[in-house]
Amino acid sequence: MRTAIIRGKELDQETVCDALALFFSSDFLGFEDISPVRLNTADVIIVDLCKAGDGDLHRLRARRAALEAFPRIAIVTKGHRTEIQQAEALGFAYIHFADDPVGTLVKRVRDLGAPRPLSALPDGFSRPMAAAYEKTGAVLEDMHLASITDSPIPVDRSKEGARDLLNVLESDGVHAWLKAVKTHHSPTFGHSLEVAGLAGWFANELGWTRSECLQVTAGGLLHDIGKSRIPLAVLDKPDVLNEAERDLVRKHAEFGYQIIKHRTEVDNETKEIVFFHHELLDGSGYPFGLSADRISLKVRLVTICDLYSALTEERAYKETLSPRQAIAVMNKMDRKIDQDLYRTFRSLILPREGFGRVQRA
Ligand SMILES: [Fe+2]
Ligand SMILES: [Fe+2]
């Protein structure tokens with residue numbers, strides 16, 4: 001599903017529209033950019049009328065015919081009679097108040113948009129892979145939605161998605177999964193899908209029980225849930241973060257724990273994965289600088305997968321490392337990460353022949 005978000009360029013603060021980009025591929029357009037060609041790929045159009053000037057409204061009226069071909073939602077300021085009247089006069093059937101929860105808006109967009117395709121994956125992936133990608137992606141969206149709307153985290157569905165993911169990791173191999181998740185529109189969601197796949201695959205290679213494999217896979221899906229509290233402008237910033245932004249991003253482990261700490265549907269080991277996945281065994285991690293004896297094996301495993309994913313992912317502000325370059329960086333982490341786990345991970349993850357199935361030794 002794709003949204004086109006039309007808003008004035010003078011808006012300098014994060015709005016409810018920015019959060020939509022986490023859930024849908026979104027094109028941000030100015031009022032002067034409205035044209036059938038620019039709107040062509042959208043399933044739903046959202047127009048932010050807050051602070052729209054006379055010129056913006058004039059452009060909207062002039063291009064009304066182009067907009068009417070799509071389901072569309074107007075964002076207005078609550079209690080602002082003029083904006084509400086303008087939205088009605090422009091033929092918007094759906095109005096969302098700017099201060100209302102983003103979850104309500106996400107649900108509305110989903111209701112109005114085209115039904116979810118079987119898979120957003122390009123050709124070349126197996127059907128089970130496409131289905132697992134679709135299911136785990138949807139679970140991830142729903143978990144983030146639950147975190148921002150204060151509704152129950154869909155734990156059963158995340159376990160179901162983890163089960164399907166483990167099955168395709170066995171049939172198609174982890175490298176096919178890593179290739180698939182690179183296509184996700186959201187770098188944040190793509191990363192969580194990647195960590196989930198790496199964790200499930202690695203635990204399976206280590207011979208852990210099925211339920212342990214499921215737990216770290218589902219834990220990988222959930223581990224960065226706290227990022228739902230960090231503005232997308234920071235998470236997806238194309239430049240290097242400043243110190244304040246870096247501190248804010250580092251808070252995501254605490255935010256994640258705050259989101260799930262009272263949720264009885266999430267078990268304690270999964271809570272530890274969320275809270276402690278940036279802790280390092282020599283005490284140099286965050287948020288607490290825990291010592292090694294406080295960090296469980298499951299957390300250690302997710303940490304290794306998380307580090308590898310972060311080093312190899314493509315982000316505008318940093319160099320993308322190849323698997324071998326990432327392993328060279330992790331080799332220097334020495335006592336920070338569990339060396340027994342890491343040595344095995346290293347021997348398994350490097351592709352032997354391009355993107356083939358990793359063979360058991
Ligand atoms: Fe994290
Ligand atoms: Fe992460």
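Predicted, not measured: the structure shown is a model, and the values here were computed from it. Counting starts at 1 for both ligands and their atoms, following the listed order. Every heavy atom of this structure was used, including side-chain atoms; hydrogens, water molecules and symmetry mates were not.
- Between the side chain of R63 and the main chain of I34, a donor-acceptor pair closer than 3.5 Å is present.
- Between F345 and Y308, the gap from one ring centroid to the other is short of 6.0 Å.
- The atom of H191 that is an N, O or S and sits closest to the Fe ion (ligand 2) is NE2.
- Counting only distance, with no hydrogens or angles, the side chain of E83 and the backbone of T77 share a donor-acceptor pair below 3.5 Å.
- At least one N, O or S atom of D224 sits under 2.8 Å from the Fe ion (ligand 1).
- Judged by the 6.0 Å and 45° rule, R59 forms no cation-pi pair with F31.
- The atom of H278 that is an N, O or S and sits closest to the Fe ion (ligand 1) is NE2.
- Closest to the Fe ion (ligand 1) among the N, O or S atoms of H252 is NE2.
- When distances from the Fe ion (ligand 2) to the N, O or S atoms of D306 are compared, OD1 comes out shortest.
- Among the backbone and side-chain atoms of H277, an N/O/S atom is found under 2.8 Å from the Fe ion (ligand 1).
- Aromatic ring orientation, H252 versus H277: tilted (interplanar angle from 30° to 60°).
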